[in-house]
Amino acid sequence: MLTESTKQQPTSMTGQYKWIMVHFPKWGAALLLSCILLLTGSQCTPSPQEKRQKRMPENAVIAHRGTIFWAPELTEAAFRWARNSGADYLELDVHRTKDGHLVVMHDKTLKRTTNVAAIFPEREGDPVSSFTLNEILQLDAGSAFNEKNPGQARSSFSAEGVLVFEDVFRIAEGKRIKRDPDGNRLFSISDKGSYLFEYEADPADNGHRPGIYIESKSPQNYPGFEEQIYQALTEYGWNPLEANGRELTGGDFYRDGKVNMGHTRGKILVQTFSREGMQKFKDVFKGGVPTSFLVKSPAPEDSAYESRIDEIIDFALASGAQCIGTNVSLQDGEVNNRLFLERVAKAGLNINIYSFNSEKEMDAYFNPDENEGTKPLLDGMITNRTDLTTHYYKKQNSRLIEPSADPIQVLDELGYRR
């Protein structure tokens, strides 16, 4: 976004080039030359990659698994909380069941976050893909959080179950899972074996409409995984490339003081650590949605550090990525992967960092030299603490809407009993 200071354009060709390099460092050389021509009266056309990047807001707040701090990760409670806390995106991980259904789970197994050992003895180490959806729907995905986090425990979290893929989209729309008087979710099964899940308007919905940030897990184990995700988005009315997934209310990221990402062309982002998965996303989505290549930051002490950086960037560009997603890497409070991030930015890729837990971490990346004039080392925060991140960005005058309400108050308003 142009500010008053950047509107003062130089008149010489050399000055124009330097001006663009200072204020728009991510643009590639070819685009720079085009924009110099624009300043002298010719036309400048953004690349398809840049158009897709512009579908995401600056300083995006991406709710990592909803939250892993205030509620059980990847559950209805976590995503309702993240939505009402003003996240721009709800980030989720998706696997596939033995009988072909998409479910929301981070790990390869169900052991860490559910009571699978109690319900299915001797199967706790088995992969998600070895369970049917009917088996997974029997699991408790909340009690383990209460046991590990007594300070944030709530008795009603014990009713949280493993989510199906569709659930997160309906929550983003302002709905909640419909349940019977005993708290069991309502659904039916068709003669062909299709599950028909029921939802209802969430009485605690506060009007935020986040987008969905999808990570495919172990795609090499799931043939046709990317095509299935594409088809599911179409079925849910969330596919920006299909007629029923078009933007509903224009391209504004925020509207009337609320998040509006779910109503824009940038409503969906897909990401993966898998190189094969990145290529398949490129083939299936044909560059029509933003994609992010996830990678652990290369270690600076590695003798091949710089060549490793170049190789990662080359692959990301070749796979059509608009973003690099990488981890928080701090040493003695200083950003340890700064060279990597600077080169990623120079290549014209956006940078989203995972996963923030404190304002100290946020400040290290957003304000790396403790100087207001220093460009942030990231474009978006994948955060476990949407509450902290929205307040941090607002404090930096980098977010247009008001920050999150008190996180405990949000959970109380959503009806989660202590």
Side-chain angles (χ1 to χ4, degrees), residues 21-22 25-26 53 56 58-65 67-69 73 88-89 91 93 106-107 213 215 217 269 271-275 278 290-317 319 321-393 395-396 398-399:
M21 285 297 292
V22 169
K26 285 193 174 183
Q53 287 173 334
M56 298 181 65
E58 295 180 0
N59 305 312
V61 178
I62 303 155
H64 186 233
R65 309 182 204 173
T67 178
I68 67 172
F69 185 84
E73 66 181 65
D88 295 314
Y89 288 92
E91 190 267 352
D93 306 278
H106 177 269
D107 298 358
Y213 204 102
E215 179 180 345
K217 306 296 287 190
L269 183 144
Q271 66 175 1
T272 184
F273 281 98
S274 166
R275 294 188 176 220
M278 281 297 298
T291 58
S292 178
F293 178 43
L294 285 169
V295 61
K296 187 175 181 181
S297 289
E301 60 271 18
D302 188 338
S303 60
Y305 179 52
E306 294 196 34
S307 61
R308 172 70 173 140
I309 291 173
D310 292 338
E311 191 276 331
I312 290 170
I313 292 172
D314 288 345
F315 173 81
L317 293 172
S319 67
Q322 290 77 54
C323 307
I324 287 283
T326 194
N327 55 298
V328 170
S329 181
L330 298 177
Q331 186 173 7
D332 299 324
E334 299 291 329
V335 174
N336 197 35
N337 53 349
R338 183 163 182 164
L339 178 63
F340 174 50
L341 302 181
E342 288 173 343
R343 290 200 178 178
V344 169
K346 187 176 180 181
L349 293 162
N350 280 1
I351 302 166
N352 296 327
I353 305 290
Y354 68 88
S355 45
F356 289 95
N357 294 293
S358 69
E359 288 194 13
K360 184 177 180 180
E361 292 173 332
M362 297 172 198
D363 207 44
Y365 279 85
F366 190 85
N367 188 22
D369 297 324
E370 299 182 357
N371 184 330
E372 291 184 1
T374 303
K375 181 176 174 56
L377 296 174
L378 80 177
D379 296 284
M381 295 189 189
I382 302 174
T383 178
N384 296 320
R385 300 289 304 273
T386 291
D387 52 313
L388 290 184
T389 305
T390 58
H391 280 267
Y392 180 83
Y393 275 144
K395 186 169 62 176
Q396 303 298 325
S398 298
R399 190 166 165 85

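Residue numbers start at 1 and run along the sequence shown.
Within the 3.5 Å criterion, the main-chain N or O of S329 finds no donor-acceptor partner in the side chain of N327. In this structure, the side chain of T326 engages the main chain of V295 through a donor-acceptor pair within 3.5 Å. A donor-acceptor distance shorter than 3.5 angstrom exists from the side chain of D88 to the backbone of V61, with no hydrogens or angles considered. In terms of modelled atom types and a separation under 3.5 Å, the side chain of N352 and the main chain of G380 share a donor-acceptor contact.
Remark: Q322 CD to M56 CE distance equals 9.5 Å, nearest 0.5 Å. To the nearest 0.5 angstrom, R399 atom CZ is 6.0 Å from T390 atom OG1. Atom CD1 of I324 sits about 5.5 Å away from atom CG of L349, to the nearest 0.5 Å. To the nearest 0.5 Å, atoms NE2 (H391) and OG1 (T386) are separated by 11.0 Å. In this structure, NE2 in H106 is found 6.0 Å from CD in E215, a value given to the nearest 0.5 Å. Residue T389 holds its OG1 atom at 8.5 Å from CD of E359, rounded to the nearest 0.5 Å.
Applying the side-chain contact (heavy atoms from CB on, under 4.5 Å) test to Q396 and every residue at least two apart in sequence or in another chain returns D363, F366, Y392, S398.
Looking at every heavy atom in both residues, L317 comes nearest to A347 through CD2-O, 4.1 Å. Across every non-hydrogen atom of D379 and N350, the tightest pair is OD2-CA, 3.3 Å. Residues E91 and D93 come closest through the heavy atom pair OE2-OD1, 3.9 Å. Summarising the geometry of A304 relative to S307, their closest heavy-atom pair is O-OG, 2.9 Å, with the distance given to 0.1 Å. The two atoms that bring F273 and F293 nearest to each other are O-CE1, 3.7 Å, heavy atoms only. Nearest approach of N59 to Y393, heavy atoms of both residues: O-CE1, 3.1 Å.
Annotation: side chain of I353 is in contact with side chain of L341 (closest heavy-atom distance under 4.5 Å). E73 has its side chain out of reach of N384: every pair of non-hydrogen atoms, C-beta onward, lies at least 4.5 Å apart. For the pair F356/R385, no side-chain contact is recorded, criterion being any heavy-atom separation below 4.5 Å from C-beta on. Contact of the R308 side chain with the E311 side chain is registered, since non-hydrogen atoms from C-beta on lie closer than 4.5 Å. In this structure, the side chains of D387 and F69 stay at 4.5 Å or more apart for every pair of heavy atoms. Using a 4.5 Å heavy-atom cutoff, the side chains of L330 and Y365 are in contact. The shortest side-chain heavy-atom distance between P300 and L339 does not fall under the 4.5 Å cut-off. A 4.5 Å side-chain heavy-atom check between L269 and C323 finds at least one atom pair inside the cut-off.
A salt bridge links R343 to D310: one of the charged nitrogens lies within less than 4.0 Å of a carboxylate oxygen. Under a 4.0 Å N-O distance rule, the pair K375/E58 does not qualify as a salt bridge.
Judged by distance alone, the side chains of N337 and S297 do bring a donor and an acceptor atom under 3.5 Å apart.
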